[in-house]
Amino acid sequence: MKTMKRNLILFFIVVFAVIPAYTQKSNIIYKQKDAPVEERIKDLLSRMTLEEKIYQLNQYTIGENTNVNNIGEVTKSIPSKIGSLIYFSADPVRRNTIQKKAMEESRLGIPILFGFDIIHGFRVVYPIPLAQACSWNPELVKSAAEFAAKESKLSGVDWTFSPMIDIGLDPRWGRVAESYGEDPYTNAVFGVATVEGYQGTDLSSPYSVAACLKHYVAYGMSEGGRDYRASNVSQQSLWETYLPPYQACIEAGAATVMSSFNDISGIPATANHYMLTEILKQKWQYDGFVVSDWNAVSQLIHQGVAKDGKEAALKSIMAGLDMDMKDNIFLENLADLIEEKKVPVERIDDAVTRILRVKFRLGLFDNPYTNIVDEKDRYLKNEDILLAQKLAEESMVLLKNKENTLPLPSPVKEIAVVGPMAKDKSNMLGSWSYHGKEEEVESIYEGLEKEFGKNVRLNYAKGCDFDGTDESLFAEAVHIAQHSEAVIICLGELKTWSGENASRSTISLPVIQEKLVSELKKTGKPLILILSNGRPLELARLEPLADAIVEIWQPGIAGGTPLAGILSGRINPSGRLAITFPYTTGQIPMYYNMRPSSRPFREMGNYQDIPNDPLYWLGYGLSYTDYEYGKATLSSEKISKDQKLKVEVAVTNTGDRKGSETVFWYINDPVSTISRPVKELKHFEKKELNPGEKKVFVFEIDPHKDLSYVDSNGDRFLEAGDYYVMVNDQKLKFELTE
Ligand code: GLC
């Protein structure tokens, strides 16, 4: 009897509690892992209140207060239904604690998206992006992004605010350090490589993070190289220079875009309907979301297009912005704007849909928590550090090597190592290296110690500070130089002199550093100048004093060993500049793909007081070996628009050591509806060549991709006529017919 009663009770429990619950869960499509993403979004959206929708459009910050006693307080302060957080911490447990709030305390359990600035590495800090571009090795850059994504994901970050693909034509702008240089094609290639590295082939894989293209758009033209100013750019230059890297990265699947601080010829990017909606979402059919830059919505008030926060919210959401970073303007105003019928719910639903799409694609609904691994298994993996070394090695550029000063003669007994960068660690990290640790950086001096070991005596003297007027350390530097066979002078910039809000009125190094070189020059010893900086420098006065110059940029945590390898000759430098070095600051703007002058005669239209050319053009860099270019050949001298043209050149390593050569292929269209640049980079390839080895480099020209141009509406056109393809110092003419 008892058993029957028990079974009866069990039966009713199953019938009236478990099945409905099960059925009900199985009816909740957005919770069904195998349901199509778009159906999950639609189902979830239909269940959300307006307030829940608006919360998804907001991003707060958390993590600067890392006092363990306050975690509870800070976590408590985070609304469980917030859309996203900028996560300054590197603690995955903390992140999961916050995520648990969202999953279990909010009504619908929508996961939070944790973002952060992982610009060139998380804990293993790689060279700054400008340096990475000088490697001309997209595969290596992609691998670095993959490793950075893994360290980030294991630290609780799902979304990185990178790559920055702003074309920087003014090196006074501190953020040229974060870009891939002055050329649109180069920024497109390296931007795509970085997006692919971060996102992998499956955004939901355990080590993928969502990328974020920034700063959309033309932030690199912020007037005078000063941050937060207007970019007065024509529609034509928007389409031919600033938008191509974004289009390429969006075609590569970049999950998100960040609107920029600057005003674009009168309409700030964050309230620019033409940029955010007509181009991005309509013309390019972009299905990701746009986040504003930090407080960029409220800054619309300062920029004079909104009288208050409410108007700023109205203008930005209606322009096509989807998520408000940090300033709470959306949270404070959208409900009223909807109530007043100034913002249609459809626009809110579109923004929420885009944000949920990224969260579903990242797999956050099904795997909302970070996989916890020990810190020793999370960071500084040996293969990561070796990769950082390799990328630093390939990004370093030999700018001068008079009478083969380098590699250092062997045997060498005593070397002077002087300058503020010689033992510096912190500034080798460069800007945007928040999780990099100074103590984990290998300095130049440490690299030299490892390379030369006990065989060479390294005589060190600081010589001077980065800036200031204190010359009291000169004497010691001169003294040790006099007792050494060569002098390695390590100069450069503080990492705070580039990056955000780090514009400089001159790209020269501080006078004190130049004076140190002048004093050391008097010793008559070979001077080897090592530069660690985040922008092109004005070297007009330093170049003549140096016997050799190596540009190492800001190489991250592993620059010491590769540089020492270059100085000893173990490594043959292969970096080439991805940005032009103007002769002086006054020569800015100076970039390789300028439009032709109406008087292209040497003495016309240039400054009268300095040389016409920059000190170094994009693509410049020396090697310890020599490369001989054979005669380039065309597969045909005439092709129609639907045919391809193959151009080949054989390159021989005529030296006695292995090296890697990058071959750059440019095109020129001498007559076009729109005046075109004197040369346009369309392809590059880097190959290793053993001594005596010859390799053929090929560029297959696809007229629609490589010869077409764009008009001010963004429409590409291809015109028949004569064209030139250029490689090394050769210029070959061919005809394109209809
Ligand atoms: C900053 C930068 C942007 C960064 C964002 C979040 O102001 O302009 O590059 O991603 O805010 O830190």
Side-chain angles (χ1 to χ4, degrees), residues 58-64 82-90 113-122 128-130 145 148-149 152 155-168 173-180 187 191 194-195 198 209-222 225-231 242 245-246 249 254-264 268-270 288-300 302-303 316 321-329 430-436 495-496 498-503 534:
N58 283 269
Q59 180 181 62
Y60 283 2
T61 68
I62 180 167
E64 286 204 83
I82 191 75
S84 173
L85 289 172
I86 299 183
Y87 190 58
F88 283 84
S89 170
L113 183 59
F114 289 78
F116 197 64
D117 293 290
I118 316 300
I119 309 303
H120 49 109
F122 191 91
I128 55 172
L130 182 57
S152 305
S155 305
V157 173
D158 319 299
W159 176 30
T160 175
F161 306 132
S162 167
M164 192 269 223
I165 47 177
D166 298 324
I167 303 298
W173 189 47
R175 305 199 78 166
V176 287
E178 303 170 51
S179 78
Y180 297 108
N187 274 271
T194 304
V195 167
Y198 287 145
V209 296
C212 182
L213 307 177
K214 71 183 190 183
H215 305 79
Y216 185 72
V217 70
Y219 189 23
M221 278 311 283
S222 189
R226 289 169 294 189
D227 262 331
Y228 320 120
R229 301 288 174 130
S231 296
Y242 302 104
Y246 286 90
C249 290
T256 69
V257 172
M258 182 185 291
S259 68
S260 55
F261 287 133
N262 53 300
D263 162 313
I264 302 171
T270 303
F289 73 84
V290 182
V291 61
S292 67
D293 200 340
W294 189 287
N295 287 347
V297 177
S298 56
Q299 287 165 193
L300 295 175
H302 303 308
Q303 288 173 298
S316 48
L321 183 71
D322 300 306
M323 183 183 279
D324 172 14
M325 180 186 285
K326 176 80 177 44
D327 59 18
N328 235 21
I329 298 283
S431 57
W432 296 105
S433 51
Y434 186 87
H435 290 290
K495 63 184 177 185
T496 53
S498 55
E500 183 178 353
N501 197 16
S503 306

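One-based numbering, in listed order, for ligands and for the atoms of each.
- Against a heavy-atom cut-off of under 4.0 Å, K214 is close to the following atoms of ligand 1: 3 (C), 4 (C), 9 (O), 10 (O).
- The atoms of ligand 1 that sit less than 4.0 Å from any heavy atom of R175 are 2 (C), 3 (C), 8 (O), 9 (O).
- Nearest protein heavy-atom contact of atom 6 (C) of ligand 1 is D117 OD2, 3.3 Å.
- Nearest protein heavy-atom neighbour of atom 7 (O) of ligand 1: E500 OE1, 2.9 Å.
- No donor-acceptor pair under 3.5 Å is formed between the side chain of D324 and the backbone N or O of N58.
- The only option from D293, D227, D166 that meets the side chain to side chain donor-acceptor pair (under 3.5 Å) definition with Y219 turns out to be D227.
- Heavy-atom separations between K326 and ligand 1 are all 4.0 Å or longer.
- Under the 3.5 Å distance criterion, the side-chain polar atoms of S292 are left unmatched by any main-chain donor or acceptor of S259.
- Atom numbering of ligand 1 starts at 1 in the shown order; those under 4.0 Å from a heavy atom of W294 are 6 (C), 7 (O), 11 (O), 12 (O).
- Residue contacts with ligand 1 include H215, since one of its heavy atoms falls under 4.0 Å from the ligand.
- Taking the six-membered ring where tryptophan is involved, the planes of H435 and F122 are essentially parallel, since the angle between them stays under 30° and well short of 60°.
- In this structure, T160 contributes its side chain and I118 its backbone to a donor-acceptor pair below 3.5 Å.
- Neither the backbone nor the side chain of Q59 comes within 4.0 Å of ligand 1, counting heavy atoms alone.
- Counting only distance, with no hydrogens or angles, the side chain of T270 and the backbone of S260 share a donor-acceptor pair below 3.5 Å.
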Check the pair F289 / L113 against side-chain contact (heavy atoms from CB on, under 4.5 Å), numbers first and verdict last. CA-CA 13 Å; F289 73 84; L113 183 59; 3.8 Å; yes
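- Within ligand 1, the atoms closer than 4.0 Å to a non-hydrogen atom of D293 are 1 (C), 2 (C), 3 (C), 4 (C), 5 (C), 7 (O), 8 (O), 11 (O), numbered from 1 in the order shown.
- The closest approach between a heavy atom of E178 and any atom of ligand 1 is not below 4.0 Å.
- Using a 4.0 Å heavy-atom cutoff, F261 is listed among the residues neighbouring ligand 1.
- Between F261 and Y228, the gap from one ring centroid to the other is short of 6.0 Å.
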